[in-house]
S.K.: 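Dropping a structure here in structure tokens format, bear with me for questions.
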2 protein chains.
Amino acid sequence: MFRLYSKGCEYAIRAFLYLAAVENGSNKTAQSICRKTKIPESFARKVFQSLVRGGYLEAVPGNGGGYRLCRKPDKVSILEIIKAVDGEKTFEPCILGSSKCNCRKPCLLHSTWEETKQSLLLNLESTCLSELVEFYEEIEIKR
Amino acid sequence: MFRLYSKGCEYAIRAFLYLAAVENGSNKTAQSICRKTKIPESFARKVFQSLVRGGYLEAVPGNGGGYRLCRKPDKVSILEIIKAVDGEKTFEPCILGSSKCNCRKPCLLHSTWEETKQSLLLNLESTCLSELVEFYEEIEIKR
DNA sequence: TCCATCATGGATTTTAATGTCCATGATGCA
DNA sequence: TGCATCATGGACATTAAAATCCATGATGGA
């Protein structure tokens, strides 16, 4: 089945959209983020940790702490979040599953997929958090 | 991690590309298709069966039988194969995992993803087997 | 100091996808 | 008829992703 990104990544994007929407420089606790965006807390915490390591999220320790965005929402693209969670190379493997596929020895789908992929990545790269948030007054992420 | 389609679908496409390349109206046994395209036979057989049911592959029973394409390679798109194996709705679910997401109640990524998806599907739909095969003399699907 | 928070890592469970194996039956060619 | 093939479906094993739980430690505000 088709999947643009992992579940952990889906949760990260939801959390980021939430933080971007409420953000005024302040932080939110992991618990409140997870409740508001309806994501499983114990799983999401691990995702948040890796995002902190990647420099995409800032951890505020201590009482009244939590997480906040490191950069302004207009400087964070969807593609960045995906790569931060699923890895830099998530879109790189050969689409036909060949480990030997490359530009010099392409598989049958290689050039076709390369073109499609470029436009896909371009779209994801040119969409930042602030763009998404400004269309809606209220966060609309519900199961 | 990103995945355009399932493993079963990957194998189906590899098998179709092989059949399109050797095709002159003749059929190939399941065994020879799997060996040539380096796909696991016991798993692929089940995929072939569902493709027969879907009308994408013709089963030739009896001794010297096997499978052959139902339609000419220039009439079969990559998108069709994907949908035949992974289901018609494989690209439909909300990208943010919301079951309530639709055009009237969109999630935050809805319209952005809708656009990106349309161009993705268009590319997959406009690419047929014959296009891919004619670029290569020899089938190049190796692990 | 107390407590709520984040940080870290290990263990475990659940679920879905993937892959293997086997038994039964039908078909069509030599 | 004998055999190689496909058709079907069930049982099962393996693997990866997703989810849960727990224990320990550090931080900073009240």
Side-chain angles (χ1 to χ4, degrees), chain A residues 1-15 19 26-35 37-70 82 85-87 89-90 93 96-97 143, chain B residues 1-15 19 26-35 37-70 82 85-87 89-90 93 96-97 143:
Chain A
M1 150 214 347
F2 170 78
R3 246 186 6 194
L4 184 59
Y5 41 62
S6 70
K7 271 286 169 186
C9 188
E10 176 192 311
Y11 298 154
I13 293 176
R14 279 154 68 164
L19 283 175
S26 72
N27 54 287
K28 291 283 174 183
T29 66
Q31 194 183 58
S32 69
I33 294 171
C34 293
R35 282 186 184 166
T37 58
K38 305 249 169 58
I39 62 183
E41 193 178 335
S42 48
F43 187 49
R45 276 180 181 276
K46 298 212 166 186
V47 179
F48 292 166
Q49 286 173 20
S50 72
L51 287 169
V52 170
R53 271 182 240 117
Y56 291 92
L57 208 53
E58 189 182 343
V60 182
N63 190 5
Y67 293 99
R68 70 169 155 229
L69 297 181
C70 285
I82 296 175
V85 179
D86 288 345
K89 301 187 175 178
T90 183
L96 273 183
R143 292 222 197 217
Chain B
M1 150 216 344
F2 170 78
R3 245 188 7 195
L4 184 60
Y5 40 62
S6 69
K7 272 287 169 187
C9 189
E10 176 191 312
Y11 298 153
I13 293 175
R14 279 155 68 165
L19 283 175
S26 72
N27 54 287
K28 292 284 173 181
T29 66
Q31 194 182 57
S32 68
I33 294 171
C34 293
R35 283 186 183 165
T37 58
K38 305 249 169 57
I39 62 183
E41 190 177 338
S42 48
F43 187 48
R45 276 180 181 275
K46 297 209 167 185
V47 179
F48 292 166
Q49 286 172 20
S50 71
L51 287 168
V52 170
R53 270 182 242 117
Y56 291 90
L57 208 54
E58 189 182 344
V60 182
N63 189 5
Y67 291 101
R68 72 170 153 226
L69 297 180
C70 285
I82 296 176
V85 178
D86 288 346
K89 301 186 175 180
T90 182
L96 274 182
R143 293 221 198 217

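No hydrogens, no waters, no symmetry mates; every other heavy atom, side chains included, goes into these values. For clarity, every value in this text was computed on a predicted model and none was experimentally measured.
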S.K.: Can you tell me how far CD of B/E10 sits from CZ of B/R3, rounded to the nearest 0.5 angstrom?
M.R.: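 Result: 10.0 Å between the selected atoms.
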S.K.: If you only use heavy atoms from C-beta on, which nucleotide in D/dA18, D/dA7, D/dT20 is closest to the side chain of A/P40?
M.R.: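 The listed nucleotide nearest to A/P40's side chain is D/dT20.
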S.K.: So A/F2 and B/C9, do their side chains get closer than 4.5 Å, heavy atoms only?
M.R.: no
S.K.: For A/S50, give me all partners under side chain to side chain contact (heavy atoms under 4.5 Å, CB included), at least two apart in sequence or on another chain.
M.R.: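 In terms of side chain to side chain contact (heavy atoms under 4.5 Å, CB included), with neighbours along the sequence ignored, A/S50 is linked to A/R53.
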S.K.: If you check every side-chain atom of A/K7, which of C/dC6, D/dA19, C/dG19 has the closest atom?
M.R.: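 Looking only at heavy atoms from C-beta outward on A/K7, the closest nucleotide is D/dA19.
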S.K.: Does any part of the side chain of B/I39, heavy atoms only, come nearer than 4.5 Å to the side chain of B/V47, both counted from C-beta?
M.R.: no
S.K.: If you check the B/Y11 side chain, which of C/dG19, D/dA17, C/dC6 turns out closest?
M.R.: C/dG19
S.K.: Rounded at 0.5 Å granularity, tell me how far CD1 in B/I33 sits from CG in B/L19.
M.R.: 4.5 Å
S.K.: To the nearest Å, give me how far apart CD (B/Q31) and P (D/dT5) are.
M.R.: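 My rounded result for the distance is 6 Å.
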S.K.: In whole angstrom, what separates A/E10's CD from D/dA18's P?
M.R.: 9 Å
S.K.: What is the distance, rounded to the nearest whole Å, between atom CZ of B/F48 and atom P of D/dC6?
M.R.: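 Those two atoms, CZ and P, are 9 Å apart.
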S.K.: Side chain of B/Q49: nearest nucleotide among D/dA17, D/dT8, C/dC6?
M.R.: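 Ranking D/dA17, D/dT8, C/dC6 by closest atom to the B/Q49 side chain puts D/dT8 first.
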S.K.: Considering only D/dT8, D/dC6, C/dT18, which nucleotide approaches the side chain of B/F43 most closely?
M.R.: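 It is C/dT18.
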S.K.: With a 4.5 Å cut-off on side-chain heavy atoms, are A/L51 and A/Y67 touching?
M.R.: no
S.K.: Check the distance between D/dA17's C1' and A/M1's CE and give it to me in whole angstrom.
M.R.: 11 Å
S.K.: Within this structure, what is the CD-to-P distance between B/E41 and D/dC6, rounded to whole angstrom?
M.R.: 8 Å
S.K.: Relative to the 5' end of DNA chain D, which residue comes earlier, A/Y5 or A/G64, by the nucleotide with the nearest heavy atom?
M.R.: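 In this pair, the answer is A/Y5.
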S.K.: Separation of A/N27 atom CG from D/dG28 atom C1', in whole Å?
M.R.: 12 Å
S.K.: Tell me: CZ of B/R45 to P of D/dT5, nearest whole Å?
M.R.: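 Those two atoms, CZ and P, are 8 Å apart.
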S.K.: Kindly point out which of C/dT20, C/dT8, C/dC6 is positioned nearest to the side chain of A/A59?
M.R.: C/dC6
S.K.: Report the nucleotide, chosen from D/dA17, D/dC6, C/dT20, that has the shortest atom-to-atom distance to any side-chain atom of A/R3.
M.R.: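 Of the candidates, D/dA17 comes closest.
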S.K.: Go along nucleotides 21-30 of chain C 5' to 3' and tag each nucleotide: B for a protein heavy atom under 4.0 Å from its base, S when only backbone or sugar atoms are that close, - otherwise.
M.R.: ------BB--
S.K.: To the nearest Å, give me how far apart CG (B/D86) and P (C/dA17) are.
M.R.: 10 Å
S.K.: Going by heavy atoms in the side chains, are A/T90 and A/Y5 under 4.5 Å from each other?
M.R.: no
S.K.: Looking at C/dA7, D/dA19, C/dC6, which one has an atom nearest to any side-chain atom of A/A30?
M.R.: C/dC6
